[in-house]
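Predicted model only: the values in this text are computed from it and were never measured.
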Amino acid sequence: MAALILLAVLGAAASLYYQYKHLSHGGHSSAKQELEEVKSVKKAKEAYDVIVVGTDPEGVAAAVSAARNGLSTLLVDGRNREILGGLMTLGWINSLDMNYSSSKNIFGKDDVFNKGFFSEWYAKIEGDSFDVNTAANAFYDLVKNEKNIDILLKTKKVDPLISKDQNAVQGATLTLENGTTQVVKAHSVIDATQDGDFAAAAGVPFTIGHEDIGDPKSKMAVTLAFRLKNVTPEVWNLMAKRLNSSNDGSSGVTDVSVYGYKEMSSYPPLNKERAKMRGLNMGRQNDNTVLINALQIFGVDTFDPKSVQEAFDIGKKELPNVVAYMQKTFPEFASLELDATAPELYVRETRHMQGEYRLNIVDVCTNNDQWDRIGFGSYPVDIQRITPTDSGNVVCKPKQYAIPFRSIVPQKVDGLLVVGRAASYDTLPHGSARVMPTGMAEGEAAGAAAKLAQQENLTFRQMSASKDVIAKLQTQLNKQGMEISPMTLKAQPFMEHKEFEGLKSALMLGLASGAYDNNFHLDDPSNPKRMTNLVNGAKKMKPDAFKGDPTAAIAKMDNSDKAALTLEQAAYTITQALGLKTAAAEAPAELTKANLLTDASLKLIADKMKLTNADTYMMIKDLKVGLTGNP
């Protein structure tokens with residue numbers, strides 16, 4: 001009995017130690033760490049079990065996970081980098097978009113989803129904002145302690161080595177720093193580059209930016225992060241005093257993070273067509289400096305070095321004026337000085353891989369579980385500006401949704417997994433799933449999957465179709481400290497609305513937003529102008545079918561933004577958009593006859609003289625089904 005009690009006490013103590021070690025963090029310090037030199041091999045071996053391409057956080061997680069599963073691993077980067085951590089440490093995005101659960105840990109602090117490698121790394125840094133030296137050293141510390149990992153930095157290029165039948169990756173051809181090439185064989189490759197560069201070169205299909213919602217030329221702005229000096233504890237306290245007194249819910253301050261100062265959006269940019277400030281996101285460093293993610297730059301082709309350099313030039317010309325505006329507007333910033341800009345741009349969006357499953361916005365907003373879950377997300381669906389005149393958009397705020405293994409398995413090409421923001425997400429859910437803690441969970445899962453695929457003698461595609469093998473993967477991830485268990489959450493109120501099917505179609509088309517409170521205003525009255533805008537936005541469902549102009553429906557109408565929307569007017573707006581020669585009174589019948597409006601939807605409309613937003617979404621759903629065959 002005494003032995004059993006002792007074992008129970010030891011077990012509880014071990015659990016508490018794990019909680020303390022992996023769910024806490026170091027806190028702000030006044031002593032900045034010296035960057036540790038990353039020791040890179042001069043040349044890779046001829047073959048490895050797995051090659052991880054990309055030294056961003058997702059890649060480091062993948063490499064460590066693979067190595068701990070006993071795989072010989074090459075961690076290689078095709079960019080001119082000397083440290084690990086990529087976007088965090090060289091893009092200077094040193095504030096984390098966290099995936100917090102709705103529960104608390106045993107210390108009464110906000111708990112986080114996924115844990116595992118992320119929490120192990122998180123325990124080594126200051127908090128949800130961190131000093132970039134601390135973060136880089138923490139990544140390297142986790143890598144260098146794994147005997148199965150070789151690090152190869154400063155390669156000029158990493159090209160896929162493809163089988164003769166063009167269906168499988170068999171390794172990589174490396175162009176080394178001295179210009180020579182080396183072929184490295186591998187059982188599998190994990191693409192952890194920010195833009196899915198390796199996968200794209202291997203022939204994996206992608207969409208770009210907002211292409212999947214009918215806007216292929218648009219993608220979220222890039223940011224040039226910058227550093228301010230003289231941010232003393234006194235200045236920090238002054239910022240805290242201001243923000244804590246605002247009580248507007250859009251600002252806050254911790255020991256290491258500041259978010260707020262929304263007045264900065266009024267800053268008048270020198271380059272009005274290409275630059276715009278947003279509220280300040282500040283991450284504190286350990287040397288009286290802060291890194292700020294706030295300057296957005298538009299119209300950048302991040303695959304073109306000249307366009308990237310132009311973005312740097314725009315940002316560097318703008319920032320002295322930005323700082324002067326801060327000094328003039330806020331007394332606590334009077335002594336602050338511009339110190340430097342980040343070595344790399346923060347690029348939010350480029351390629352979206354086509355995988356075995358494409359995470360969609362309904363999955364995210366409805367807190368959907370997946371049978372092949374490898375991690376969870378919960379960050380708001382935050383769609384940053386795509387132009388200076390755009391205000392951005394928060395589509396919804398999920399509580400918890402699952403990332404499926406199928407979303408890191410690319411179509412057409414075997415032997416390859418893709419993790420991070422280039423994984424298989426539609427552009428809207430990407431606004432949530434792109435955050436780095438989620439990507440690190442994917443990386444950890446990919447490393448473990450590489451071992452399982454080799455062990456079971458299966459391709460990743462075969463794995464993605466096997467519930468038994470995925471169950472083994474999930475068991476292994478749980479052993480690694482992740483928490484991958486089935487989830488069931490209470491349905492959101494909007495999901496129980498009688499016209500929810502219409503909202504789902506509107507969400508998929510990017511036509512509905514619920515913001516942070518998930519209020520889609522389904523029962524609010526619509527109006528003719530809003531209907532016109534809705535139909536205009538719906539053209540993306542099948543552009544060739546829309547041969548007319550929906551604005552013709554309100555051309556002779558006064559106060560179209562205030563009048564009640566009738567069924568007749570709503571249907572007429574659609575027929576005008578389709579180019580049908582139909583009188584307004586005949587429009588509902590014409591749509592019904594053409595199977596573009598159903599009796600089922602008509603029965604759900606409570607007042608045909610005063611349509612709600614939900615009513616209009618049902619009409620859009622019927623139109624989409626009629627034109628494309630898909631809801």
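Under 3.5 Å, the side chains of Asp414 and Gln462 contain no donor-acceptor pair of N or O atoms. At a cut-off of 3.5 Å, with distance as the only test, a side-chain donor of Tyr48 or Asp150 sits close to an acceptor on the other residue. Side-chain contact annotation: Thr193 with Asp191, donor-acceptor N/O pair under 3.5 Å present. No hydrogens or angles considered: nothing links the side chains of Asn478 and Gln474 as a donor-acceptor pair under 3.5 Å. Side-chain contact check for Asp287 and Thr289: at least one donor-acceptor pair (N or O, by modelled atom type) lies under 3.5 Å. In the model, Ser129 has a side-chain atom that pairs as donor or acceptor with a side-chain atom of Ser95 under 3.5 Å. A donor-acceptor contact under 3.5 angstrom links the side chains of Asn99 and Thr438, judged on distance only.
Other residues, nucleotides and ligands place no more than 12 heavy atoms under 6.0 Å from the NZ atom of Lys412. In the displayed structure, Asn457 atom CG is contacted under 6.0 Å by at most 12 heavy atoms of other residues, nucleotides or ligands. Atom CD of Glu34 has 12 or fewer heavy atoms from other residues, nucleotides or ligands within 6.0 Å.
The main-chain N or O of Asn360 is found under 3.5 Å from a side-chain atom of Asp363 such that the two form a donor-acceptor pair. The closest donor-acceptor contact from the side chain of Thr366 to the backbone of Val362 lies under 3.5 Å. Side-chain atoms of Thr155 come within 3.5 Å of backbone atoms of Asp77 as a donor-acceptor pair (strictly under, hydrogens ignored).
Comment: Arg358 engages Asp426 in a salt bridge, judged by a side-chain N to carboxylate O separation of less than 4.0 angstrom. Arg421 has a carboxylate O that lies under 4.0 Å from a charged side-chain N of Asp195, or vice versa, which qualifies the two as a salt bridge. Here Asp382 does not pair with Arg348 in a salt bridge; the nearest charged N to carboxylate O distance is not below 4.0 Å. A salt bridge does not link Asp301 to Lys306: none of the charged nitrogens lies less than 4.0 Å from a carboxylate oxygen. Under 4.0 Å is where a charged nitrogen must lie from a carboxylate oxygen, and between Asp131 and Lys32 at least one such pair does. A salt bridge links Glu356 to Arg461: one of the charged nitrogens lies within less than 4.0 Å of a carboxylate oxygen.
Atom CD1 of residue Ile403 and atom CD1 of residue Ile408 lie 10.0 Å apart, to the nearest 0.5 angstrom. The CE atom of Met88 sits 10.5 Å away from atom OH of Tyr346, with the distance rounded to the nearest 0.5 Å. Note that the OG atom of Ser188 and the CZ atom of Phe460 stand 4.0 Å from one another [nearest 0.5 Å]. Atoms CG and CE, from Asn114 and Met440 in turn, are 10.5 Å apart once rounded to the nearest 0.5 Å. To the nearest 0.5 angstrom, Phe312 atom CZ is 8.5 Å from Ile297 atom CD1. Interatomic distance, OG of Ser378 versus CG of Asn367, reported as 9.5 Å (0.5 Å rounding).
With Val184 as the fixed residue, the side-chain contact (heavy atoms from CB on, under 4.5 Å) test singles out one of Leu152, Ile51, Val76: Ile51. When each of Ile292, Asn293, Asp339 is paired with Phe226, the side-chain contact (heavy atoms from CB on, under 4.5 Å) condition holds for Ile292 and for no other.
Note: Tyr425 and His430 have tilted aromatic rings, judged against thresholds of 30 and 60 degrees for the angle between ring planes. Taking the six-membered ring where tryptophan is involved, the planes of Phe118 and Tyr122 are essentially parallel, since the angle between them stays under 30° and well short of 60°.
Summarising the geometry of Leu96 relative to Gly127, their closest heavy-atom pair is CD1-O, 4.1 Å, with the distance given to 0.1 Å. Across Val469 and Leu452, no two heavy atoms sit closer than the pair O-CD2, 3.4 Å. Across every non-hydrogen atom of Gln354 and Ser424, the tightest pair is C-OG, 3.9 Å. Closest approach of Gln370 to Leu359, counting heavy atoms only: NE2-CD1, 4.3 Å. The two residues Val132 and Gln285 come nearest to each other via the heavy atoms N-OE1, 2.9 Å. Closest non-hydrogen pair, Phe198 versus Gly171, comes out as CZ-O, 3.6 Å.
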CA sep, side-chain torsions, deciding dist, call: Ile83, Phe139, side chain to side chain contact (heavy atoms under 4.5 Å, CB included) = CA-CA 9 Å; Ile83 59 175; Phe139 282 125; over 6 Å; no

request  = May I have the step-by-step check of side chain to side chain contact (heavy atoms under 4.5 Å, CB included) for Asp197 and Arg351, ending in yes or no?
outcome  = CA-CA 9 Å; Asp197 296 325; Arg351 298 186 182 101; 2.9 Å; yes

inquiry  = Show, in sequence, the C-alpha distance, side-chain angles and deciding distance for Asp56 and Arg81, and conclude whether the salt bridge (Lys or Arg N to Asp or Glu O under 4.0 Å) test is met.
reply    = CA-CA 10 Å; Asp56 279 86; Arg81 292 171 166 174; 3.0 Å; yes

task = Output, in order, the C-alpha distance, side-chain angles, deciding distance and verdict of side chain to side chain contact (heavy atoms under 4.5 Å, CB included) for Lys154 and Asn80.
result = CA-CA 5 Å; Lys154 291 198 168 185; Asn80 189 28; 3.3 Å; yes

